[in-house]
Amino acid sequence: AALVTELGVADPSAETHARAVSSWCTRLARRLVLSERQVELATRAGLLHNAVDGEAAIVRSHRAAAEAPPGIVARIVAVACGFHETLAAGSISPSAALDRVIAEAGARYDIVVVAALSELIHDR
């Protein structure tokens, strides 16, 4: 959190993005029914994804949390980041941003994580 706060001093929009991606990562990890340790890992990776290689840095210190499929945290971060970037790029609704992410499911984004995002958006 301190690293993100420092990042915010230099670039407030980067801090806002990091916190939003982290929040989406938390929601996605919970929707995918990951363990609490995996949820924590996804939350931290989302927070640090622009500052460092989020998953790699955190996973090395959380090897015991590797109960989910390999790379699930990286796939969650990719979807959360892509969704938030699309949403923040202009005046676009969450549904329209979701449609853009869905259009890249299977190519750029993991289809299971995109499906979880779709469920979150439609349950609002």
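Just so you know, residue 1 is the first one in the sequence shown, and it goes up from there.
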### Query
Is there a donor-acceptor pair under 3.5 Å between the side chain of His122 and the backbone N or O of Ser118?
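Checked: pair present.
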### Message
So does Thr43 get a backbone contact from the side chain of Ser22, meaning a donor-acceptor N/O pair under 3.5 Å?
### Response
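Yes, Ser22 side chain to Thr43 backbone: donor-acceptor pair under 3.5 Å.
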### Shared hydrophobic cluster, Ile76 / Val21 (ILVMFWY, side-chain heavy atoms < 4.5 Å)
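Different hydrophobic clusters.
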### Query
Would a hydrophobic clustering, with Ile, Leu, Val, Met, Phe, Trp and Tyr connected at side-chain separations under 4.5 Å, put Val101 with Ile72?
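In one cluster: yes.
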#### Entry: CD1/Ile111: more than 12 non-hydrogen atoms of other groups inside 6.0 Å
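Atom CD1 in Ile111 is not packed in, count stays at 12 or less.
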### Message
Check this for me, if you would: do Arg27 and Glu119 make a salt bridge, where the nitrogen-to-carboxylate-oxygen distance has to be below 4.0 angstrom?
### Response
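Answer for the salt bridge query: no.
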### Query
Would you call Arg100 and Glu104 a salt bridge, taking side-chain N to carboxylate O under 4.0 Å as the test?
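Result for this pair is no, no salt bridge flagged.
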At their closest point, which heavy atom of [X] faces which heavy atom of [Y], and how far apart are they?
| X | Y | result |
| --- | --- | --- |
| Phe83 | Pro94 | CE1-O, 3.6 Å |
| Ile121 | Trp24 | CD1-CH2, 3.5 Å |
| Ala29 | Ala42 | CB-CB, 3.9 Å |
| Val39 | Leu34 | CG2-O, 3.9 Å |
| Leu117 | Leu28 | N-CD2, 3.5 Å |

Does any non-hydrogen side-chain atom of [Y] lie less than 4.5 Å from one of [X]?
| X | Y | result |
| --- | --- | --- |
| Arg44 | His49 | no |
| His84 | Arg19 | no |
| Glu40 | Thr26 | no |
| Val113 | Tyr109 | no |

### Atom pair CG (Asp99) and OG (Ser93), whose distance is rounded to the nearest 0.5 Å
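Answer for the CG-OG pair, Asp99 versus Ser93, is 7.5 Å.
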### Task
Let me see the working for Cys81 and His17 under side chain to side chain contact (heavy atoms under 4.5 Å, CB included), right down to the final yes or no.
CA-CA 8 Å; Cys81 182; His17 174 70; 3.5 Å; yes
